[in-house]
Amino acid sequence: QVQLVESGGGSVQAGGSLRLSCAASGRTSYVVGWFRQAPGKEREFVAAIPWTGDSTYLSDSVKGRFTISRDNAENTVYLQMNSLKPEDTAVYYCGVTWSALVTDTSRYPYWGQGTRVTVSS
């Protein structure tokens, strides 16, 4: 079992920044992925980082603007979001997987409750 709690969402203007946190407890040695879901759309992959933290995966839509990092001592993964755009508006979820298919939502057995991000123009 893994419990996940996201925080850090909020409302910002375009061009602003937010840092999301995903605090985990339970099993370890997983990949943490961030996904987002906008109203009426499917959940989409944003970023992922393995337990080792030696690599990161970012979707093309956020490359150059978002970074993902983790603090294993705190069991927390961060998503730093800069240069936010209105199209980044969504509920952001973190999940954990032990699969190599880090962009596939079906490979994530555990999810947090989500945190809402709203970017106004």
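From a predicted model like this one, the values you see are computed outputs, not experimental measurements.
Taking Ile, Leu, Val, Met, Phe, Trp and Tyr as hydrophobic and joining them when side-chain heavy atoms fall under 4.5 Å apart, one finds W111 in a cluster with V31, F35, F45, Y57, V91, Y93, V102, Y108.
Applying the side-chain contact (heavy atoms from CB on, under 4.5 Å) criterion to Q113, with sequence neighbours excluded, gives V5, E6. By the side-chain contact (heavy atoms from CB on, under 4.5 Å) test, D60 is found to be paired with K63, residues two or more places apart in sequence or in another chain being considered. Scanning for side-chain contact (heavy atoms from CB on, under 4.5 Å) contacts around A23 gives T76, with sequence neighbours left out.
The disulfide bond (SG atoms under 2.5 Å apart) contacts involving residues 22-121 comprise C22-C94, where partners must be two or more places apart or lie in separate chains. Contacts classified as side-chain hydrogen bond (donor to acceptor under 3.5 Å, both in side chains) and involving residues 12-26 (residues at least two apart or in different chains) are given here: Q3-S25, S17-N82.
By the 4.5 Å heavy-atom criterion applied to side chains, S11 and S120 are not counted as neighbours. Within the 4.5 Å cutoff, the side chain of M81 has heavy atoms near those of the Y92 side chain. Two residues are said to be in side-chain contact when any heavy atoms from C-beta on lie closer than 4.5 Å; S59 and F66 fail this criterion.
The CZ atom of R36 sits 4.5 Å away from atom CD of E44, with the distance rounded to the nearest 0.5 Å. Annotation: the span from T67 atom OG1 to L58 atom CG amounts to 8.0 Å, rounded to 0.5 Å.
Pairing each heavy atom of I68 with each of W34, the nearest pair is CD1-CD1, 3.7 Å. Listed here is the closest heavy atom pair of A38 and A90: N-CB, 3.8 Å. Nearest heavy atom pair, residue P50 against residue S55, reads CD-O, 3.0 Å. In this structure, L4 and G95 approach most closely via the heavy-atom pair CD1-CA, 3.7 Å. Of all heavy-atom pairs between R65 and D88, the closest is NH1-OD2, 2.7 Å. Here the shortest heavy-atom pairing between V62 and V46 reads CG2-O, 3.7 Å.
Taking hydrophobic clusters as Ile, Leu, Val, Met, Phe, Trp and Tyr residues chained together by side-chain heavy-atom distances below 4.5 Å, W98 shares a cluster with W51.
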Next item on the list: Take L18 and V119 through the side-chain contact (heavy atoms from CB on, under 4.5 Å) test and state the conclusion after the steps.
Entry: CA-CA 10 Å; L18 284 173; V119 184; over 6 Å; no

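Formation of a donor-acceptor pair under 3.5 Å by the N72 side chain with backbone atoms of N75 is not found in this model. With hydrogens and angles ignored, the 3.5 Å screen pairs no side-chain donor or acceptor of T89 with any backbone N or O of T118. The backbone N or O of Y78 lies less than 3.5 Å from no partner atom in the side chain of R70, so there is not a single donor-acceptor pair.
Shown are L79, V2, V77; of these, the side chain to side chain contact (heavy atoms under 4.5 Å, CB included) with V32 is made only by V77.
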